[in-house]
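In what follows, chains carry the letters A, B, and so on, assigned in the order in which the sequence lines appear, proteins first and then strands, with residues in each chain numbered from 1.
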Protein chains: 2
Amino acid sequence: MGSTIKDIARLANVSKATVSRVINNKSEGVGEETKQKILRIIEELNYRPSLLARGLVTKRTHSLGLIIPDITNPFFPQLARGAEDTAAKHGYSLFLCNSDNSPEKEQRYIEAFIEKRIDGVMLASSISKSAIQSQIQLLKSVDIPFTLLDRYLEGSEPETGVFLDNQAGAYQATDYLLKNGHRRIVFVAGPLGVMTSWYRFQGFQMAHYDNGVEIDYSLVMEGDYQLSSGKELVERLIEAELEFTAIFAGNDMMAIGALKALQSRGIKIPETVEVIGFDNIELSSLVEPALTTVAQPTYEMGVKGAQMLIRVIEGEGIPERNVYLKPELLFRATTRHPVG
Amino acid sequence: MGSTIKDIARLANVSKATVSRVINNKSEGVGEETKQKILRIIEELNYRPSLLARGLVTKRTHSLGLIIPDITNPFFPQLARGAEDTAAKHGYSLFLCNSDNSPEKEQRYIEAFIEKRIDGVMLASSISKSAIQSQIQLLKSVDIPFTLLDRYLEGSEPETGVFLDNQAGAYQATDYLLKNGHRRIVFVAGPLGVMTSWYRFQGFQMAHYDNGVEIDYSLVMEGDYQLSSGKELVERLIEAELEFTAIFAGNDMMAIGALKALQSRGIKIPETVEVIGFDNIELSSLVEPALTTVAQPTYEMGVKGAQMLIRVIEGEGIPERNVYLKPELLFRATTRHPVG
DNA sequence: CTGTTAGCGCGTTCAG
DNA sequence: CTGAACGCGCTAACAG
């Protein structure tokens, strides 16, 4: 315990340099027998090189950072899992940080990352555009590579990242509903400040436009991605006696909330109203009736993000700075059959 | 970018030692004006001390490790969140590792931890007793403090950790059922190799003993904590035409599986059979009918575990080596009223 | 109140 | 094929 390269050098009657060579497999240039002797002593002393000391000279810590809003939100564990798995596969460890969407917390985490000299950061947080921009600037100023996950930044130059084509996903869902005859579709949006929900809204609108259907904006409401908001908004709609025959929600949690609201009024799903969610969290398949939803390849998103990050860290070029993953409309029991 | 303590020392016309003093708030002993000057230069250069270099001398990295089986399992995000929150509060970052219950992976993670010289480890994994023992030994050999989370180790000397009193939880649930008149209670156990599920089984038995009721062991079955196993086991029971009036499951997922099996046969819950789960994952309150369950203070378990770990790291004594958290029977819609 | 010196544990020239 | 010397960025005595 606590043995250093110097200890094992002394015991092997060689210099630290030689030991360092065999540790790093630069053993071409080290006699086979001395090498074996060194290896044996390393084994005996249970010696582990200090990545701290090594990092001080190599400038590499083999640590990555991942910032997400909240691991408790069923979407992010999948993402984190994908990132962690591929990080581990490449010999990196992952610092996980929950920011609660607080720009201040994110800022502090990033500063900690910088002081720890980690090799790269994955950002899956920040609802505030200005916040993420200042974070990006900070990261750039200290030359730490980073990758955006899920939440993109519109307008400014494109940073490297992996995203879902949210607009396409919302378009598919809405288009299905429209083609199936619905004319009054409720849209329960996520917080419109978050780019992802904004794009989902865009897809909703675009599908209406392409199908030549007018949107009744009294059916469009902004929720907060929580189950309760979906429930309350739909209840309010029912009380206001607004007519509608379908609901498209900005995420699964709100869709499930909508389901509950509908069921508590005895409204039949999907006979009377069809419901579609977004995300495909595990819960969506367990709920009754099982929720039709726009599925994201969440795990893969984490994988891709980590891969990109590691590639830039290791100096291999990346094929493309922005990867857009394709969502897929997953039919279950809250919708009737696709037409045709 | 990349400025060091030497740079700012030179610019301030002082020695590195002085700079170090103000950085570490040992400024009692530094002139107010030199202090201000140094602070200003630090600000201008956007200087951040390297925790790598600092750690090399202080032997502290302010990093902790957390090993869990799978962040995708709804129980662990809560735990991780509690641990991360309190780690952050105390100025530590958290390495998160998913082991998939693989002792080999755990071993590798711990070796990485050692090389990174992290300050402490939280272990919430390892179904294998021999695996966890060798991990503990490894950690001890390099003098890294650790804390056991959730999964305990029976027999050997008690390591410091925070656990749930699983036996008490199972006892409460079973006792309620028994006191409410049930005589044929199904027990869907988790994998009996995992100590936690073993203790839940103990509680189940103990309650029967205390109530003077014989257990029909054909109603006791071992599942794997997955929803599907709960479903299949109960289906098999029904097909075998065994009589029972209540089901107690080793966790919520299996309880929900049992619910599905019952509902698909048109069996009324809780009128015909009462069902109780264990864990209180979020899903258990969203399912229909909402599941009565033995609630664990999961988040708090993460908090407590991190607190204990940090206390031993920082050399403050810990009041008790083993903390047992109390479960609580949470009545919802899959049970009738408690008697009395 | 401040500077000098000496490492922490390692990788990396450059000689030999 | 191997060793000596230096430096990574910082803290910690010990002097002054």
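Counting heavy atoms of neighbouring residues, nucleotides and ligands inside a 6.0 Å radius, atom CD of A:Gln137 does not exceed 12 of them.
For the residue pair B:Glu104/B:Ser102, the side-chain donor-acceptor check at 3.5 Å is satisfied.
For the helix from C:dC1-D:dG16 to C:dG16-D:dC1, the rotation axes defined at the first and last 5 base pairs enclose an angle of 40°, given to the nearest 10°.
Remark: the backbone N or O of A:Ile5 is not paired with any side-chain donor or acceptor of A:Lys16 at under 3.5 angstrom. No donor-acceptor distance shorter than 3.5 angstrom exists from the side chain of A:Glu106 to the backbone of A:Gln135, with no hydrogens or angles considered.
Along DNA chain C, the nucleotide nearest A:Ile23 and the nucleotide nearest B:Asn13 are compared for position; the residue whose nucleotide lies closer to the 5' end is B:Asn13.
For D:dT2, the OP1/OP2 oxygens have no side-chain nitrogen or oxygen of A:Ser15 closer than 4.0 Å. Put simply, B:Thr58 has no side-chain N or O that comes within less than 4.0 Å of OP1 or OP2 on D:dC10.
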Do A:Ser93 and A:His62 pass the side-chain contact (heavy atoms from CB on, under 4.5 Å) test, and can you show the C-alpha distance, the side-chain angles, and the key distance before you say yes or no? CA-CA 6 Å; A:Ser93 311; A:His62 288 272; over 6 Å; no
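By the 30° and 60° cut-offs, the orientation of the rings of A:Phe163 relative to A:Tyr324 is tilted.
Whole-Å rounding puts the B:Ile8 CD1 to C:dT2 P distance at 13 Å. Put simply, CD1 on B:Ile38 is 13 Å from P on D:dC10, counting in whole angstrom units. Atom-to-atom, CD of B:Gln36 to P of C:dC1 comes out at 14 Å; the value is rounded to the nearest Å. Straight-line distance from the CZ atom of B:Arg60 to the P atom of D:dA12: 12 Å, rounded to whole Å. One interatomic measurement links the two molecules: CZ of A:Arg10 to P of C:dG9, which rounds to 12 Å at whole-angstrom precision. Rounded to whole Å, atom P of C:dC10 lies 16 Å from atom CZ of A:Arg21. Distance NE2 (B:His62) to C1' (D:dC10): 14 Å, rounded to an integer number of Å.
Considering only residues two or more places apart in sequence or on other chains, A:Arg48 meets the salt bridge (charged side-chain N to carboxylate O under 4.0 Å, His left out) condition with B:Glu111.
Contact annotation for A:Ser20: base contact, defined as any heavy-atom pair under 4.0 Å involving a base atom. At the heavy-atom level, A:Asp7 lies nowhere under 4.0 Å from the strands shown.
Salt-bridge annotation for A:Lys89 and A:Asp85: absent, with no side-chain N of the basic residue lying under 4.0 Å from a carboxylate O of the acidic one. In this structure, A:Lys37 does not pair ionically with A:Glu33, as no charged nitrogen and carboxylate oxygen lie closer than 4.0 Å.
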Which pairs, protein N/O on one side and nucleotides 7-9 of chain D N/O on the other, fall under 3.5 Å?
unit_1	atom_1	unit_2	atom_2	d
D:dC8	O3'	A:Lys59	NZ	3.0
D:dG9	OP1	A:Lys59	NZ	3.2
D:dG9	N2	B:Ala53	O	3.4

